Protein chains: 2
Amino acid sequence: MTKNYRQGQILKLVRSKRINTQEELAQELRALGIEVTQVTLSRDLREMGIVKTADGYREILPDPTGPSLAQVMAEYLLDVRLAQHIVVLKTSTGSANSLAVALDQEDWPEIAGTVAGDDTVFVACWDNQRAKTVHERLLSYVNQ
Amino acid sequence: MTKNYRQGQILKLVRSKRINTQEELAQELRALGIEVTQVTLSRDLREMGIVKTADGYREILPDPTGPSLAQVMAEYLLDVRLAQHIVVLKTSTGSANSLAVALDQEDWPEIAGTVAGDDTVFVACWDNQRAKTVHERLLSYVNQ
DNA sequence: CGTCGGAATGTATAACTATTCAACCAATTG
DNA sequence: CAATTGGTTGAATAGTTATACATTCCGACG
């Protein structure tokens, strides 16, 4: 169980249900097989920019200045696959979101949109031709 | 000194300088001639939708909870794109999930399934033709 | 190997925030 | 004019979160 994975699960939980306290969050994580203390959650939440609101924990707008695409890619991108007009990115577990955000910010014209799971990002391109272009460009980021 | 006035001053303070605790805020207000306890501030802040972040107290966007598709769409849908048999919906950050849920509930026959990220929903249709139909129908929801 | 340095985590507890309960006050009603 | 109701507030304190300090793990380097 990595920190990334844990934080990914935290994000999912916070998005999908109302969590009012860190202890409550710890319970939910325990149900997913993640043992974690309130202390660690306090640190995770701060790190992730999730704050406590009257309606439970919520994400707030992140600092618009994220790390560069190259950095994120170098750190997390494991594989790039082409499936028709969809490019599938495999990342280290829990990092798909960071990577998708970085890619979104690049605003490539070939890309219609992205959506991130846990360790996978789907990149929808307008057509097969442009997907091929994107595929090649992203491949160059993968660890040589 | 009315409650409204006090909350106005709180807003100004929170916008203009970094306030880390409610006691700190009470100090600042005292400097403006407003005597107030931590208890009252706790209530004021909740009422005003101001939350504690790692960078001090901040306003956050008032939060919604989700009625009809039309309403959800009107509120969150920013863009609709067609990429072969995938329709890509761009939403305001954090709303992709609500939107996907609303769309799922509609149970359109052209739609094979949806998957939501943070600000993007992929809508997989059975083929390009049906995707085109869905694309057009969804487009009608955008920015009227 | 040893050992140094940094990241991740936990325990104990300090610091901070929210709630409970009661008081007060103004407006309203019988 | 009581009595009642709804809104605002504070003292005490319950509940929640953050911090100080210690420990463990792991990779780099001599």
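What you see is a predicted model; the values in this text were computed from it and never measured. So that the names make sense, note that chain A is the first sequence line, chain B the second, and so on, each numbered from 1.
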For DNA chain C, note the earliest and the latest nucleotide, 5' to 3', having some atom under 4.0 Å of a heavy atom belonging to chain A.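 Endpoints of the contacted stretch of DNA chain C: C:dA8 to C:dA12.
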d([atom1], [X]; [atom2], [N]) in whole Å:
{"X": "A:L25", "N": "D:dT16", "atom1": "CG", "atom2": "P", "value": "13 Å"}
{"X": "A:E47", "N": "D:dT19", "atom1": "CD", "atom2": "C1'", "value": "16 Å"}
{"X": "A:I50", "N": "D:dT17", "atom1": "CD1", "atom2": "P", "value": "13 Å"}

For B:H85 and B:W126, indicate whether the former's side chain and the latter's backbone hold a donor-acceptor pair under 3.5 Å.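 It does not hold such a pair.
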Of all the heavy-atom pairs spanning B:S42 and B:Q22, show the shortest one and how long it is.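 Distance-wise, the nearest heavy atoms are CB-OE1, 3.5 Å.
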Short side-chain N/O contact from A:K52 to OP1 or OP2 of D:dT17, under 4.0 Å: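 Yes, because at least one side-chain N or O of A:K52 sits under 4.0 Å from OP1 or OP2 of D:dT17.
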Please determine whether a side-chain nitrogen or oxygen atom of B:Q38 lies at a distance below 4.0 Å from atom OP1 or OP2 of D:dG10.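 False: B:Q38 side-chain N/O out of range (4.0 Å or more) of D:dG10 OP1/OP2.
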Check this for me: B:F122, atom CZ, are more than 12 non-hydrogen atoms of other residues, nucleotides or ligands nearer than 6.0 Å?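 Yes, enclosed.
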Pair A:R6-A:Q9, side-chain donor/acceptor within less than 3.5 Å: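 No, because no side-chain N or O of A:R6 sits under 3.5 Å from a partner of the opposite role on A:Q9.
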With a non-hydrogen cut-off below 4.0 angstrom, is [X] in contact with a base, only sugar-phosphate, or nothing?
{"X": "A:T40", "answer": "sugar-phosphate"}
{"X": "B:R43", "answer": "base"}
{"X": "A:S42", "answer": "base"}

Qualifying salt bridge (charged side-chain N to carboxylate O under 4.0 Å, His left out) pairs with a residue from residues 79-89 of chain B, counting only residues at least two apart or across chains: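 Passing the test, one end in residues 79-89 of chain B: B:D79-B:R81.
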Map A:E23 and B:T37 onto DNA chain D by nearest heavy atom, then report which one ends up closer to the 5' terminus.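 Looking at DNA chain D, the more 5' nearest nucleotide goes with B:T37.
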Hey, is A:E106 close enough to A:R137 for a salt bridge, meaning N to O under 4.0 Å?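 Answer for the salt bridge query: no.
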